[in-house]
Amino acid sequence: MTAPKRVLSDEISGAIRGRRVTSAVFTTYSFDPAFFELEILPLLFESRVRGGFSHVEKVRRVQLEECLRGGAAIEVFYDRGGLVSNAGPASLDFRRIDVGRRTGIFHPKLVLVLVENPPSEDNEPPTQSLIVATLSANLTRAGWWENLEAGHVEVIDAASPRNWRCTFRPDLLDALGLLARAAPHENGQGALRATRRFLQESAPQYTTKNASWKGKYYTRLFVGQKPLHEWLQDRRIWGRDWNLEVVSPFFDAHGAQALRRLAEATRPGEVRVFLPLEADGTPSVTSEQYEAVETVAKWSRFATGTMRAVRRTPSEKAVPRRVHAKVYRFWRRGLGDVSLVGSANATEAAHSGANAGNLEAAFLANTTTGGDSAGWWLKRIDDPPDRFLEQSAEEDGDAERVGLSLSLRYHWERHAFEYRLGEDHNGDVRLHSIAGEELHTVVRPVRGEWEDCGLRAAGRIKNLLKSTSLVEARTGSDKGESRWRVLIREEGMTHKPSLLTQLTPDEILEYWSLLSDSQRQAFLADRLQTDEAILGIVRSPDGPPPERAHSVFDRFAGIFHAFQRLSDWIDEKLDLDRDEEVTARLFGEKYDSLPVLLRKVRQRAKDDAVTAYVTFLSAKQVVAQVCNRWPRYWAQHSHDAQKLERELEAATSIRARIPLLDPGREEFLTWYEENFVSRAADMLAEGDRDQ
């Protein structure tokens with residue numbers, strides 16, 4: 001029998017099956033923010049983009065920016081020492097939460113995706129499902145594209161008479177609690193909170209105390225509830241004449257205690273352990289590690305085909321793939337496989353409980369149904385190697401040495417740059433750009449809550465974030481200087497200027513008027529094809545499209561229609577509690593946000609004051625409707641509302657530009673404006689929202 005071979009991205013997108021993603025939580029040790037947002041985020045939104053995501057990075061980011069405005073909360077928890085050396089910066093609206101541990105490292109590779117199922121009948125509300133995956137792969141190019149990795153995916157559908165049990169629900173709730181405790185100061189964990197709410201309110205509530213039924217083991221999730229060997233004993237993984245195969249890239253530097261305890265607890269007949277290799281064929285262990293493991297198990301290797309990389313071009317030489325998988329496979333002919341698949345290496349730190357050593361995550365699940373054809377994945381190595389590593393590799397040893405538990409964030413709405421320190425530090429902390437430019441010095445930093453760095457620092461960071469979200473932190477001590485990179489978190493992203501800035505006021509109104517997601521995607525695709533600022537290429541020589549002729553009726557009917565569609569859209573989204581989307585369009589700085597439209601219209605008022613005036617009055621009417629229909633929402637965003645109302649005050653200066661020579665000009669405009677804007681309140685008072 002050979003190990004199953006499938007593509008990780010296909011497994012995740014296949015589990016989503018085109019359903020609408022409402023939230024997603026990713027956890028990782030090593031992290032490449034740019035790779036995550038360009039190559040992994042699109043898996044969540046494949047059904048939203050007609051024709052698929054562009055291969056041009058800048059265009060793809062614009063498409064993703066639009067998808068993220070659909071209200072999906074995305075959170076990534078990563079070890080602050082795990083930024084890979086070639087990590088690219090993040091720029092999109094997902095929360096990146098850096099964490100650390102007093103013992104070991106933050107090492108789970110979990111994917112938790114909450115999706116909305118289409119209703120089975122017209123009158124039934126949609127249900128939700130939770131996709132849960134435990135992986136060995138980090139959120140990096142090597143993890144998702146290059147290494148040999150392992151993972152297991154489960155789907156929890158909403159409870160029903162046919163679906164009333166989830167055997168790993170308590171384990172998953174334990175995992176969410178551990179994540180929340182790893183980031184205790186994060187009050188805004190929307191995706192984590194949504195996942196917990198689903199498990200508490202909608203998921204099957206019944207579990208079982210039994211380990212198995214009719215020879216098949218119930219699926220469980222290991223998150224360090226106990227040391228791994230004790231946890232497996234509680235699952236009754238012993239006494240069945242198992243064979244055990246272990247695939248792990250890392251082992252204890254001295255001795256083989258983790259493997260020894262595992263074998264003693266589960267009592268397999270034979271244990272085989274995969275021997276990891278460097279690119280040049282040297283074993284990725286020292287001679288001491290080799291000898292220690294050999295007292296417990298037989299060193300082995302995979303079949304050659306499993307270890308060869310996929311050629312990207314016909315002429316490319318295939319090289320052995322790095323094995324980063326973590327699998328513990330218990331099997332016996334006629335009984336099937338029970339495998340532990342996830343993040344746990346064969347080390348004491350990985351096998352310890354969650355309060356000591358690493359934080360890990362791995363599914364224990366039946367992976368085959370058995371049969372006489374079951375066999376070994378691994379083949380014994382008869383002759384020992386003639387060379388070894390001189391020094392043992394550390395568990396995921398590409399970690400960056402972090403000088404302090406320092407977190408940084410910039411808030412776009414409040415224009416504030418802040419730091420948070422998780423430990424005492426006597427000296428200053430200096431922040432530099434990756435190129436070496438000095439940005440800010442935190443003098444005598446304070447441990448505890450978020451601390452403001454001041455407006456000057458905020459201005460520098462705001463300019464920096466146009467090109468990168470990575471900075472270098474430096475501290476000095478008697479032992480020398482420490483330098484490490486920090487990924488700046490970005491909050492209040494609805495107020496971050498959009499990547500697509502070239503839409504005219506007419507195009508924004510046209511975009512509001514479109515009825516369906518497919519129409520809006522087609523509209524954006526058309527604009528992206530000719531947007532030099534986004535593509536960074538010369539416009540097509542075919543020339544600009546011919547201007548469309550508009551009558552006075554067309555012009556004003558288009559304005560009224562666009563704002564009516566905006567009003568209906570706001571009602572629809574707030575009815576569904578999708579406040580974030582409304583906030584982005586009503587108060588934000590995106591290409592189709594209302595403040596952006598008003599500023600552009602104001603700039604053109606000197607050429608067409610009448611159109612500008614009617615546009616501002618239409619905006620005031622929509623604002624009045626939202627204020628009256630959704631008072632709680634309006635009160636929750638009072639600061640944004642005040643800023644928008646100040647923008648609307650420009651209607652007075654625009655009104656003064658209107659070229660009316662009639663003696664009753666002011667009287668007419670006053671009457672017109674009062675009736676125009678008050679119409680919303682009058683309609684609500686009459687209880688007629690359909691006029």
More than 12 heavy atoms from other groups under 6.0 Å of [atom1] on [X]:
X	atom1	answer
N86	CG	yes
E481	CD	yes
R236	CZ	no

Check [X] against [Y] and note the closest heavy-atom contact, atom names and distance.
X	Y	value
E360	A350	OE2-CB, 3.3 Å
A325	S136	CA-OG, 3.5 Å
P276	F274	CD-O, 3.2 Å
P89	L470	N-CD1, 4.2 Å
R101	G357	NH2-O, 3.0 Å
I156	C166	CD1-SG, 3.8 Å

Working to the nearest 0.5 Å, report the span between [atom1] of [X] and [atom2] of [Y].
X	Y	atom1	atom2	result
L259	D252	CG	CG	8.0 Å
S23	L44	OG	CG	10.0 Å
N147	N138	CG	CG	8.5 Å
E154	L221	CD	CG	10.0 Å
E46	S9	CD	OG	8.5 Å
L64	E57	CG	CD	11.0 Å

Side-chain contact, heavy-atom cut-off 4.5 Å: [X] with [Y]?
X	Y	result
D79	H107	no
L275	R301	no
L232	Y328	no
L244	L262	yes
R260	T295	yes
Y29	N358	no
L83	P33	yes
R61	L38	yes

Self-check item: SB check E348 R261 (cutoff 4.0 Å)
Solution: yes
Quiz item: Is the shortest distance from a Lys or Arg side-chain nitrogen in R489 or D98 to a carboxylate oxygen in the other one below 4.0 Å?
Solution: yes
Spell out, as yes or no, whether a donor-acceptor pair under 3.5 Å connects the side chain of [X] to the backbone of [Y].
X	Y	result
D32	G88	yes
R387	P283	no
W299	Y290	yes
D174	V223	no
E75	L192	yes
S343	A361	yes
H324	P249	no
H351	N345	yes
T27	L110	yes
E245	L378	yes

Using only heavy-atom distances, determine whether the side chains of [X] and [Y] contain a donor-acceptor pair under 3.5 Å.
X	Y	answer
E37	S91	yes
S284	R322	no
S30	T140	no

Quiz prompt | Criterion ring pair (Phe, Tyr, Trp, His ring centres under 6.0 Å) against W331, the qualifying member of W242, W376, W377 | solution = W376
Self-check item: Qualifying residue, where the test is ring pair (Phe, Tyr, Trp, His ring centres under 6.0 Å) with F26 and the options are F36, Y78, F77
Solution: F36
Quiz prompt | Worked check of side-chain contact (heavy atoms from CB on, under 4.5 Å) between L114 and L112 | solution = CA-CA 7 Å; L114 199 59; L112 308 171; over 6 Å; no
Practice problem: With side-chain contact (heavy atoms from CB on, under 4.5 Å) as the test, would you mind laying out the steps for L176 and L199 before giving the verdict? | Solution: CA-CA 10 Å; L176 298 185; L199 290 172; 3.8 Å; yes
Exercise. Could you please spell out the steps behind the side-chain contact (heavy atoms from CB on, under 4.5 Å) verdict for R19 and I131?
Key: CA-CA 11 Å; R19 292 174 288 185; I131 299 163; 4.3 Å; yes
Practice problem: Flag the pair F53 / F45 as yes when their ring centroid distance falls below 6.0 Å, and as no otherwise. | Solution: no
Practice problem: Would you check if the distance from the ring center of W145 to the ring center of F35 is below 6.0 Å? | Solution: yes
Self-check item: Lys/Arg cation over aromatic W231: R235, 6.0 Å, 45° cone
Solution: yes
Quiz prompt | Cationic tip of R220 above F222 ring, under 6.0 Å, 45° of axis | solution = no
Exercise. Please determine which of D171, V132, V153 meets the side chain to side chain contact (heavy atoms under 4.5 Å, CB included) test together with F363.
Key: V132
Exercise. Could you check L43 against W144 for side-chain contact (heavy atoms from CB on, under 4.5 Å), going step by step and ending with a plain yes or no?
Key: CA-CA 12 Å; L43 301 176; W144 282 65; 3.7 Å; yes
